[in-house]
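Chain A is the first sequence line, chain B the second, and so forth, proteins listed ahead of strands; every chain is numbered from 1.
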2 protein chains.
Amino acid sequence: MAYLDRVFHSLSDGTRRAVIAQLANGPASIGDLAQCHHMALPSFMKHVRVLEESELVMSRKVGRVRMCELRPDALTAAQGWLEQERRVWETRLNQLDSFVETLAEKEDKHGRE
Amino acid sequence: MAYLDRVFHSLSDGTRRAVIAQLANGPASIGDLAQCHHMALPSFMKHVRVLEESELVMSRKVGRVRMCELRPDALTAAQGWLEQERRVWETRLNQLDSFVETLAEKEDKHGRE
DNA sequence: ATCAAGGTAAGCCATATAGCTAACTAATAA
DNA sequence: TTATTAGTTAGCTATATGGCTTACCTTGAT
């Protein structure tokens, strides 16, 4: 699976988006996260693994608890893709606009002849 | 499934992202899209359906061919979510920064005492 | 040294996904 | 009117997902 596939797949789950939102406010342990989403620990581990594989989150063990935190550049790839596509789209719309405008001008001239 | 779930899920597939990129350059029929991705028509229909259910794409039938086009506001929801999360994250970092700075100042003062 | 707590591994289950083929429908071209 | 073309529906397969439980391992507290 490609990198962007993993990123967007990570984001496609409400629980994982909530985790990201939560981690944006500071690190948390797996236990904390699981408890506050009313989910069994192993279930939550999977989410954390997905988030790590998409490089949105990183974690390390301190004693027997694993702390998770958001990666600094977490969302830039996704944002980058969206922005680029939007730019292409808007550029095309502008071109269409001016094309239609040109047409209208010609129509106009034609009308006046 | 929630709206954002659907949107990000749509974007989590390379083929669908390619379709979006393609449609940003103008409308296309299902047949066109399928052919240019070397895929059977019915397989492609599923992708188009997913894209429509996530409100990224709309389509209508003209004669016997179905034309697909990007929705004007397609990517704004996804962009919005990303931007907001990023803002939260950066705000927190700034606060941390100034907190550390304050600490450093106090340390400094303390040192001079 | 022992026990509790937090995490991890393994494996079960129901559902969803991404692809396919084959059969059907509806619009167009000959 | 008959073929051809473009979509569509139905159904198959293999794999992935999101949840669970149960058993195990490590670390920290008593």
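Distance A/Met45 CE to C/dT8 P: 4 Å, rounded to the nearest Å. Across the protein-nucleic acid pair, A/Leu33 atom CG and D/dG19 atom P stand 14 Å apart, rounded to whole Å. The CD-P distance, from A/Gln35 to C/dG7, rounds to 11 Å in whole Å. Taking atom CE of A/Met67 as the reference point, atom C1' of C/dG6 lies 13 Å away to the nearest angstrom.
The list of ring-ring contact (aromatic ring centres under 6.0 Å, His included) pairs with a residue in residues 41-76 of chain A, not counting sequence neighbours, reads A/His37-A/Phe44, A/Phe44-A/His47. For residues 60-80 of chain B, no residue pair satisfies the ring-ring contact (aromatic ring centres under 6.0 Å, His included) rule, not counting sequence neighbours.
Partners of A/Asn25 under the side-chain hydrogen bond (donor to acceptor under 3.5 Å, both in side chains) rule, at least two apart in sequence or in another chain, do not exist in this structure. Every side-chain hydrogen bond (donor to acceptor under 3.5 Å, both in side chains) that B/Gln79 has, sequence neighbours left out, goes to A/Arg86. Every side chain to side chain contact (heavy atoms under 4.5 Å, CB included) that A/Ala24 has, sequence neighbours left out, goes to A/Leu70, B/Glu85, B/Val88, B/Trp89. Applying the side chain to side chain contact (heavy atoms under 4.5 Å, CB included) rule to B/Met45 yields the partners B/Ile30; only residues at least two apart in sequence or on another chain are considered. By the side-chain hydrogen bond (donor to acceptor under 3.5 Å, both in side chains) test, A/Arg17 pairs with B/Asp5, sequence neighbours left out.
Through side-chain heavy atoms spaced under 4.5 Å, either directly or across other Ile, Leu, Val, Met, Phe, Trp or Tyr residues, B/Val65 is tied to B/Val62, B/Met67.
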Output side-chain donor-acceptor pairs under 3.5 Å for residues 51-59 of chain B, partner residues at least two apart or in another chain, one line each.
residue : atom : partner : partner atom : Å
B/Glu52 : OE2  : B/Ser59 : N            : 3.2
B/Glu52 : OE2  : B/Ser59 : OG           : 2.9
B/Ser54 : OG   : B/Ser10 : OG           : 2.7
B/Ser54 : OG   : B/Val50 : O            : 3.1
B/Ser54 : OG   : B/Leu51 : O            : 3.1
B/Ser59 : OG   : B/Arg66 : NH1          : 3.0

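There is no side-chain donor-acceptor pair under 3.5 Å between A/Thr76 and A/Asp73.
Ring planes of B/Phe8 and A/Phe8: parallel class, angle under 30° (limits at 30 and 60°).
Counting only heavy atoms from C-beta on, A/Val65 has its side chain closest to C/dG6 among C/dT8, C/dG6, D/dT8.
Distances shown here put every side-chain N or O of A/Arg49 at or beyond 4.0 Å from the OP1 or OP2 atom of C/dT8.
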Detail all sub-3.5 Å separations between protein N/O atoms and N/O atoms belonging to nucleotides 26-29 of chain C.
residue : atom : partner : partner atom : Å
C/dA27  : N3   : B/Arg64 : NH1          : 2.9

Polar atom pairs between nucleotides 16-21 of chain C and protein, under 3.5 Å, N or O only, would you list them?
residue : atom : partner : partner atom : Å
C/dA18  : OP1  : B/Arg16 : NH1          : 3.4
C/dA18  : OP1  : B/Arg16 : NH2          : 3.0
C/dA18  : OP2  : B/Arg16 : NH1          : 3.2
C/dG19  : OP2  : B/His47 : NE2          : 2.2
C/dG19  : N7   : B/Lys46 : NZ           : 3.3
C/dG19  : O6   : B/Lys46 : NZ           : 2.5
C/dC20  : OP2  : B/Ala40 : N            : 3.1
C/dC20  : OP2  : B/Ser43 : OG           : 2.3

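Each end of the helix from C/dA1-D/dT30 to C/dA30-D/dT1 yields a helix axis from five base pairs, and these two axes differ in direction by 20° (to the nearest 10 degrees).
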